[in-house]
Asks: 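My questions all concern the structure below.
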Amino acid sequence: MSTTTLPTPAQLQITPRDRRFGRQAAAPRLWHGGSVEATAIYNALSTTFPAGEAFFVESVRAFREGTPPKLADEIKAFTTQEAIHSREHDAFNKRAAEAGYDLGQLEAQVEKRLAITKSKPPIVSLAATMALEHFTAILAHQLLADPRHLQGAEQEAADLWRWHAVEEIEHKGVAYDTWLHATRHWHRSKRWKVKAKVMLYVTRNFLVDRTAGALELMRQDGVTGVRAWTLLLWYLWVRPGMFRKIAGAWASFFLPGFHPWNHDDRDLLRAYEANVGAVAEPKRKVGPAV
Ligand SMILES: [Fe+2]
Ligand SMILES: [Fe+2]
């Protein structure tokens, strides 16, 4: 695919919204509707973000040199968004720790996975980022499209997750376009093979690590064994069934001609802006890339 025919919408504006969440009052330990398993999976996901998103930024920026000006600008806005996400999830994770959770084991696992990827050539880090950004974008889509995922959650926490989801959708093409640019001289079959292999690898790790992380946090709430597995798997795969519901969008990644913006879901962004944008919301101005 030529870099001049990228399907990222030409008018798309990536707008960092510099917001802060949950700084006022302490949230209850089981902030997600009093549910052990719902709180556990969202806390386990959040544990990955501070280090994970810093890694995404590093991986994409390593290939910014020589990108077309529009993409270079988008990389800059993506960097700002992810840096603010890291800050807010770091604060969110501190509140989970204050509520009594020990996130040490989960954080160590994230560091371990990142160290393995970083030990490989930089293009592998970019490929892993591109695959994981598709993952976050389809999770974000599902989170915003179906209000049942955050039903019963504390307001500030739900606001944080929705805000993050919006920006993940907004910048979902950036890592992919950077990947297309970085591999523009590759034969398409090589590009497909590498991206498919990397997606399968990160998916396996994502499912194994997040499930193990959530089970560990559930253990800290005294829920273990078959009961823990049943509650968690039911929550993830049946109702509300986030993982089941993203399966089709996940599989689309392997289709020839895939691009994150083949699925234009900017209606979710407009709906968010219509609801939340009415509230004064600081937006950080991002100048042109230099
Ligand atoms: Fe993010
Ligand atoms: Fe992202």
Side-chain angles (χ1 to χ4, degrees), residues 21-22 25-52 88-114 132 135-136 138-162 164-165 168 200-251:
F21 301 89
R29 178 174 166 114
L30 297 177
W31 60 267
H32 202 316
S35 159
V36 169
E37 64 275 20
T39 302
I41 190 65
Y42 282 89
N43 283 354
L45 269 174
S46 183
T47 307
T48 69
F49 288 135
E88 287 311 299
H89 280 276
D90 193 41
F92 182 87
N93 297 345
K94 285 201 172 83
R95 292 194 293 281
E98 281 161 15
Y101 289 112
D102 178 0
L103 304 176
Q105 192 177 315
L106 281 72
E107 286 166 348
Q109 182 63 11
V110 173
E111 291 298 341
K112 191 183 119 191
R113 295 285 189 207
L114 292 179
L132 284 164
F135 234 111
T136 51
I138 61 180
L139 287 167
H141 175 98
Q142 185 51 230
L143 191 84
L144 292 173
D146 187 345
R148 280 174 296 185
H149 295 297
L150 287 172
Q151 211 163 35
E154 288 292 308
Q155 187 67 44
E156 283 279 305
D159 286 348
L160 162 74
W161 286 93
R162 279 193 208 99
H164 193 169
E168 287 305 319
L200 292 174
Y201 177 75
V202 302
T203 299
R204 180 216 165 259
N205 292 345
F206 179 88
L207 294 178
V208 170
D209 291 356
R210 295 304 82 73
T211 302
L215 287 170
E216 164 59 17
L217 297 179
M218 291 174 77
R219 186 194 65 75
Q220 295 180 22
D221 277 318
V223 181
T224 57
V226 176
R227 182 169 149 72
W229 275 97
T230 309
L231 286 171
L232 184 62
L233 293 181
W234 183 269
Y235 185 78
L236 290 176
W237 294 94
V238 183
R239 195 167 304 140
M242 172 68 90
F243 285 3
R244 174 174 51 85
K245 288 176 176 166
I246 63 169
W250 176 86

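All values below were derived from every heavy atom in this structure, side-chain atoms included, with hydrogens, water molecules and symmetry-related copies excluded.
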Asks: How long is the gap from CE on M218 to CG on L231, to the nearest 0.5 Å?
Replies: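 Here the rounded value is 5.0 Å.
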
Asks: Using modelled atom types and a 3.5 Å cut-off, is there a donor and acceptor pairing between side-chain atoms of E154 and backbone atoms of P28?
Replies: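 Side chain of E154 to backbone of P28, a donor-acceptor pair under 3.5 Å: no, none is there.
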
Asks: Do the side-chain N and O atoms of Q220 and E216 include a donor-acceptor pair separated by under 3.5 angstrom?
Replies: yes

Asks: To the nearest 0.5 Å, how far apart are CZ in R210 and CG in N205?
Replies: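 Reported to 0.5 Å precision, the distance equals 8.5 Å.
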
Asks: Determine the minimum heavy-atom distance between I138 and A249, stating which atoms define it.
Replies: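 For I138 versus A249, the nearest heavy atoms are CG2-CB, 3.6 Å.
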
Asks: Set out, in order, the CA-CA distance, both residues' side-chain angles and the distance that settles side chain to side chain contact (heavy atoms under 4.5 Å, CB included) for W234 and E37, then state yes or no.
Replies: CA-CA 9 Å; W234 183 269; E37 64 275 20; over 6 Å; no

Asks: State the CG-CG distance between D209 and L45, to the nearest 0.5 angstrom.
Replies: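 Between atom CG of D209 and atom CG of L45 there are 11.5 Å.
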
Asks: Measuring centre to centre across the rings, with the benzene-like ring taken for any Trp, is W250 within less than 6.0 Å of F206?
Replies: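 No, they do not, as the ring centres are separated by 6.0 Å or more.
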
Asks: Go through the side-chain N and O atoms of N93 and T47 and say whether any donor and acceptor fall under 3.5 Å apart.
Replies: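 Side chains of N93 and T47: no pair found under 3.5 Å.
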
Asks: Can you find a heavy atom in the side chain of L236 that is under 4.5 Å from one in the side chain of I41?
Replies: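 They are in side-chain contact.
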
Asks: Which residue is it: R162, K245, Q142? I am looking for the one with a side chain to side chain donor-acceptor pair (under 3.5 Å) to H149.
Replies: Q142

Asks: Mind checking whether F243 and L139 have side chains closer than 4.5 Å, heavy atoms only?
Replies: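 Counting from C-beta outward, F243 and L139 do come under 4.5 Å.
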
Asks: Do side-chain atoms of T39 reach the backbone of H32 as a donor and acceptor pair under 3.5 angstrom?
Replies: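 Side chain of T39 to backbone of H32: a pair is present.
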
Asks: Answer yes or no: are there more than 12 heavy-atom neighbours, outside R227 itself, under 6.0 Å from its atom CZ?
Replies: no

Asks: For S46 and P50, which heavy atoms make the closest approach, and how far apart are they?
Replies: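 For S46 and P50, the tightest heavy-atom pair comes out as O-CD, 3.3 Å.
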
Asks: Quick one, L217 and L103 - any side-chain contact, counting heavy atoms below 4.5 Å?
Replies: yes

Asks: So, applying ring-ring contact (aromatic ring centres under 6.0 Å, His included) with F92, which one of Y42, Y101, W31 is it?
Replies: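 Exactly one option meets the ring-ring contact (aromatic ring centres under 6.0 Å, His included) with F92, and it is W31.
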
Asks: Taking all non-hydrogen atoms of both residues into account, name the closest pair between A44 and G213 and its distance.
Replies: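 Reported closest heavy-atom pair: CB-C, 4.1 Å.
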
Asks: Taking all non-hydrogen atoms of both residues into account, name the closest pair between A153 and A158 and its distance.
Replies: CB-CB, 4.2 Å

Asks: At their closest point, which heavy atom of L143 faces which heavy atom of A165, and how far apart are they?
Replies: CD2-CB, 3.9 Å

Asks: Once rounded to the nearest 0.5 Å, what's the spacing between atom CZ of R29 and atom CZ of R95?
Replies: 15.5 Å

Asks: What I'd like to find out is whether the side chain of R113 reaches to under 4.5 Å of the side chain of Q109, using heavy atoms alone.
Replies: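 Contact flag for R113/Q109 side chains = yes.
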
Asks: Give a yes or no answer on whether the side chain of D102 reaches the backbone of G104 with a donor-acceptor pair at less than 3.5 Å.
Replies: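 A pair under 3.5 Å: yes.
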
